[in-house]
Number of protein chains: 2
Amino acid sequence: MARHSILDSLNDTLRKETLENIRVMELPPGQILFTAGEHCQGLPLVMGGRIKVQMTGVSGHSIVLYRMQADDICTLSIGCLMTGRAYRAEAVVEEGAEALMIPRGVFDRLMDQSAEFRLGIMESYGRRLDDLMLLVEEVAFRRMDRRLEEWLLAHAASGTVVITHQELAVELGTAREVVSRLLKELERRDMVKLSRGKIEVTGLAESSSPA
Amino acid sequence: MARHSILDSLNDTLRKETLENIRVMELPPGQILFTAGEHCQGLPLVMGGRIKVQMTGVSGHSIVLYRMQADDICTLSIGCLMTGRAYRAEAVVEEGAEALMIPRGVFDRLMDQSAEFRLGIMESYGRRLDDLMLLVEEVAFRRMDRRLEEWLLAHAASGTVVITHQELAVELGTAREVVSRLLKELERRDMVKLSRGKIEVTGLAESSSPA
DNA sequence: CGACTTCAGTGATAAAGTCACAGTCAATCT
DNA sequence: AGATTGACTGTGACTTTATCACTGAAGTCG
């Protein structure tokens, strides 16, 4: 039942030992895996579902940093686990998920005994750094209308997304009013249909407006 | 000669072996440690000086992501080293530096044999993720005038910084014109004195304008 | 059915980014 | 030295994005 690709690489003894010492967590949608200021209890290995990680600035604004899905590792937790610092971000379950909680001791042991486990952790870290670097660039330099269109394409290629303007603003790290106005403009151009709490994408091509 | 705190934790045998297999790099100011698209040759351990890491977006704009100083580890390189991906960012030496280059094999061996080395790496990773998360928040939500003032305070508490407006724009991830105008406004308020290629900070208090 | 809450739309204004260009300063080259 | 060149700075005009303040519309629940 406890399936996560990073555990596959372990030898039988180590895997057996690990499985005896970890906890399986059931994560219903809406559940908070951790919040800012909290301390880390263990390393979550995500087995399924979808979990978003977002942070809230001093200004009170929030922005989604990245998402975790099946076979992901909550890299953010490692830093907190190792140094004892508190989380700076918050993780919210979007789609009902299952995760394994690896306590500090087991993590240390796996890092010590399995080169494959280490590789998995390092890869995960690398990907996360990459994600964040891309996000910095996105937020710093790209135009909001393009980013909104891309988000819609990625999340509702030509169907319907259930999301409020406020939530979409957090996805993009902007203000609700900005999203409302841009969406309204897209509706005028017949690219989306708006209704309370959902957006129907009707005519967004891969490069609708010239870059 | 080769001093980096993470090596102190190693036992004698391991340290001796490591020192025999690493290369010391002299890094004069201006030297490029790596550029975007390049592949990683080893893990740099920074022994001194200062190196800035910045990336350039598709738009052609650049932004400084973070800096490395004495006893830092170029965490970014680990991901590239382990997965073979190319660098996405660029590292430029600001103050003449020395660094140790740890090749892949030695890195693997250290990760395998030293719990302290692993801890150092993990800590470094954690800090980097934290830095980037803070940067995302900064770029997404904070006002440019405040950020500029803070930058000036941090880099020239009440002295002079040698920097062009263009370089300062890259520090903050904005456009040169924006920096020029904000600086001019600060000069009108007698908080800085401007001259070609340098800025003299004369009257910037910790919270000059109300947050 | 109201009363309440959440969500969406919009005008007015301020901040930031873009484009185009002019002026200034310093270094280099006959 | 004077001319030329290139990097640096300043600024107007305009667009995009953010903020503030408010209105109305859509769902929820007593």
Distance, rounded to the nearest Å, where [X] contributes [atom1] and [N] contributes [atom2]:
X	N	atom1	atom2	result
B/R188	D/dT9	CZ	P	16 Å
A/E187	C/dT10	CD	C1'	14 Å
A/K198	C/dA8	NZ	P	12 Å

Answer yes or no: does a side-chain N or O of B/H165 lie under 4.0 Å from OP1 or OP2 of D/dG10?
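Checking B/H165 against D/dG10: at least one side-chain N or O falls below 4.0 Å of OP1 or OP2.
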
State whether A/T174 places a side-chain N or O below 4.0 Å from either non-bridging phosphate oxygen (OP1 or OP2) of D/dA18.
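For D/dA18, OP1/OP2 do have a side-chain N/O of A/T174 under 4.0 Å.
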
Look at the side chain of [X] and decide which nucleotide, out of [options], has an atom nearest to it.
X	options	answer
B/A175	C/dC7, C/dT10, C/dG17	C/dG17
B/R181	C/dC19, C/dT10, D/dT17	C/dC19
B/L194	D/dT19, D/dG10, C/dA16	D/dG10

Say whether, by atom type as modelled, one donor and one acceptor occur between the side chain of A/D72 and the main chain of A/Q69 under 3.5 angstrom.
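Checking the backbone N and O of A/Q69 against the side chain of A/D72, a donor-acceptor pair under 3.5 Å is found.
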
Rounded to the nearest 0.5 Å, what separates atom CG in B/L152 from atom CG in B/L186?
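If I round to the nearest 0.5 Å, the distance is 7.0 Å.
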
Closest nucleotide of DNA chain C for B/G173 versus for B/R196: which of these residues is on the 5' side?
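So the residue in question is B/G173.
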
On DNA chain C, compare the nucleotides closest to B/E177 and A/E177; which residue's is nearer the 5' end?
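Counting from the 5' end, the first nearest nucleotide belongs to A/E177.
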
Report yes or no: do A/S180 and A/E177 form a side-chain donor-acceptor pair below 3.5 Å?
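Judged by distance alone, the side chains do not pair up.
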
If you measure only the distance, is there a donor-acceptor pair under 3.5 Å linking the side chains of A/T75 and B/Y125?
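Checked: A/T75/B/Y125 side chains show no N/O donor-acceptor pair below 3.5 Å.
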
Under 3.5 Å, is there an N or O donor on one side and an acceptor on the other linking the side chain of A/R142 and the base of D/dT17?
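Between D/dT17 and A/R142, which were checked side chain against base, a qualifying N/O pair under 3.5 Å is absent.
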
Touch class at under 4.0 angstrom, heavy-atom based, for A/R176 against every strand present
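Base contact.
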
